[in-house]
J.: 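First, the structure itself, so that you have it in front of you.
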2 protein chains.
Amino acid sequence: MEDEVDRLVAAWRRERPDLDVEPLEVLSRVSRLARHLDRARRLAFAEHELEPWEFDVLTSLRRAGAPYQLSPGQLLTQTLVTSGTMTNRIDRLTKKGLVERLPDPSDRRGVLVRLTDEGRDRADQALAGLLDQERAILAELSRAQRGELAALLRQLTAPFDNVPG
Amino acid sequence: MEDEVDRLVAAWRRERPDLDVEPLEVLSRVSRLARHLDRARRLAFAEHELEPWEFDVLTSLRRAGAPYQLSPGQLLTQTLVTSGTMTNRIDRLTKKGLVERLPDPSDRRGVLVRLTDEGRDRADQALAGLLDQERAILAELSRAQRGELAALLRQLTAPFDNVPG
DNA sequence: CCCAACTATCTCGACGTCAAGAGACTTCAC
DNA sequence: GTGAAGTCTCTTGACGTCGAGATAGTTGGG
């Protein structure tokens, strides 16, 4: 089956026959698929009355394990947003009762952000919903194909994930 | 080589051993890789003094072929932004002399956005730079692997690209 | 001890996007 | 032809993010 990238590549080959546009076959698909996934996730989370950014923060805390608390700085590095954004997010999640701020007992500059019981439940429910949705999307592929795809993608992500930058 | 998703999946298996988190192996990698690509692209475009959104608009016009003009509405559907955003983008690109607005001769409500000569050159240069960068990222894989990867990704994107929504 | 350098979090202003709707024009059934 | 419905672009206001700087607290060499 043809997709939007096939059309895009065909247009480039017509307009710029001098260029080798083969890289777009892989990387444009990655970007476009990510965009589709963002939209699909937004819908899935909406059923649990969560925004994607809320899910990101709550699940970072959830993955940390009991007692489900991290500093704002640790949350920054996990979610890849800036500090001003994180302050704002924690404020809003606190207002909704999903997290709470505690003073860090070992550093008076610091703060710890802890999941409330409701925050934990909401994160767990939303994760289950997300996985159901993703399984449906991946039903296009066989188990073996999914494994292959994961391995190929890992080869591309590993260099990014294993350098200082 | 291990990547960030391997760590993420391991954390979930520890915290939620009851869930099957296999879908994350594929789709979290897609999302994370897209994020890395966004950053890398921003850097590549900066060498040509272009923002990613500028590249999107200019190359949509470029791909249309001579005389390199489209209506704002056509640009909306290509770039997946809303109309207010597109008005703003066209305004800024006009100020930079990369596109110009022309009245649509066949519909007085309408406008045509046309690439200037400079806009066309900038789009061509930025595309070449982007392809060089993407080739470097894909050098991790053999030609055959790239083909496999493109085919697997097409299977996932095609359903999104070929439905009304 | 003390001070300089460093770290952690929060504050603030600018910016880009979105969503809803207004205004201008076109189309088509009657 | 005329009016209602549809289409196209632009305007507006709210919102979330970023980036730079401010504030408060910590650390370590001398």
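What you see is a predicted model; the values in this text were computed from it and never measured. Here is how names work: the chains are called A, B, and so on, in the same order as the sequence lines, proteins then strands, and each is numbered from 1.
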J.: Using the side-chain heavy atoms of B:T87, tell me which of these nucleotides is nearest: D:dT26, C:dT11, D:dC10.
T.: D:dC10

J.: Let me know the distance between CG of B:N88 and P of D:dC10, rounded to the nearest Å.
T.: 11 Å

J.: Walk me through it: do B:T79 and B:D56 pass the test side-chain hydrogen bond (donor to acceptor under 3.5 Å, both in side chains)?
T.: CA-CA 7 Å; B:T79 57; B:D56 281 349; over 6 Å; no

J.: Take the protein atom CH2 of A:W53 and the nucleotide atom C1' of D:dC15, then report the distance between them rounded to whole Å.
T.: 11 Å

J.: Look at the side-chain N and O atoms of A:R101 and state whether any lies under 4.0 Å from the OP1 or OP2 oxygen of C:dT9.
T.: no

J.: Within the structure shown, what part of the strands sits under 4.0 Å from A:G84 by heavy-atom distance: base, sugar-phosphate, or nothing?
T.: base

J.: Can you confirm whether A:D117 is buried at CG, in the sense that more than 12 heavy atoms of other residues, nucleotides or ligands lie under 6.0 Å from that atom?
T.: no

J.: Would you indicate, yes or no, if D:dT17 has its OP1 or OP2 atom less than 4.0 angstrom from a side-chain nitrogen or oxygen of A:T85?
T.: no

J.: Output the rounded distance in Å from CG (A:L80) to P (D:dG19).
T.: 13 Å

J.: Could you please name the option among C:dC25, C:dA19, C:dC10 that lies closest to any side-chain atom of B:R108?
T.: C:dC25

J.: Distance check needed: D:dT9 P versus B:D91 CG, whole Å only.
T.: 13 Å

J.: Between A:R146 and B:E25, does at least one N-O distance fall below 4.0 Å, as a salt bridge requires?
T.: no

J.: What is the distance from CE of B:M86 to P of D:dT11, rounded to the nearest Å?
T.: 15 Å

J.: Select one nucleotide: of C:dT17, D:dC10, C:dT9, the one nearest the side-chain heavy atoms of A:V111.
T.: C:dT9

J.: Are any of A:R89's side-chain N or O atoms less than 4.0 Å away from OP1 or OP2 of C:dT9?
T.: no

J.: Rounded to the nearest Å, what distance is computed from the CZ atom of residue B:R42 to the C1' atom of nucleotide D:dG19?
T.: 13 Å

J.: I need the single residue from A:L24, A:L8, A:D6 that forms a side chain to side chain contact (heavy atoms under 4.5 Å, CB included) with A:R29. Which is it?
T.: A:D6

J.: Establish whether the base of D:dT26 is bridged to the side chain of A:R109 by a donor-acceptor pair shorter than 3.5 Å.
T.: no

J.: Which comes earlier along DNA chain D counting from the 5' end, the contact point of A:R92 or that of A:D107, where each point is its nearest nucleotide?
T.: A:R92

J.: Rounded off to whole Å, could you give me the CZ-to-P distance for the A:F55 and D:dG16 pair?
T.: 19 Å

J.: I want to verify a distance call: between C:dA19, D:dT9, D:dG16, whose nearest atom is closest to the B:T82 side chain?
T.: C:dA19

J.: Expressed in angstrom and rounded to an integer, what is the separation of B:D38 atom CG from D:dC18 atom C1'?
T.: 16 Å

J.: Per the atom types in the model, does the base of C:dC10 pair as donor or acceptor with the side chain of A:S83 at under 3.5 Å?
T.: yes

J.: The test is side chain to side chain contact (heavy atoms under 4.5 Å, CB included); show your working for A:V113 and A:M86 and say whether it passes.
T.: CA-CA 11 Å; A:V113 180; A:M86 188 51 70; over 6 Å; no

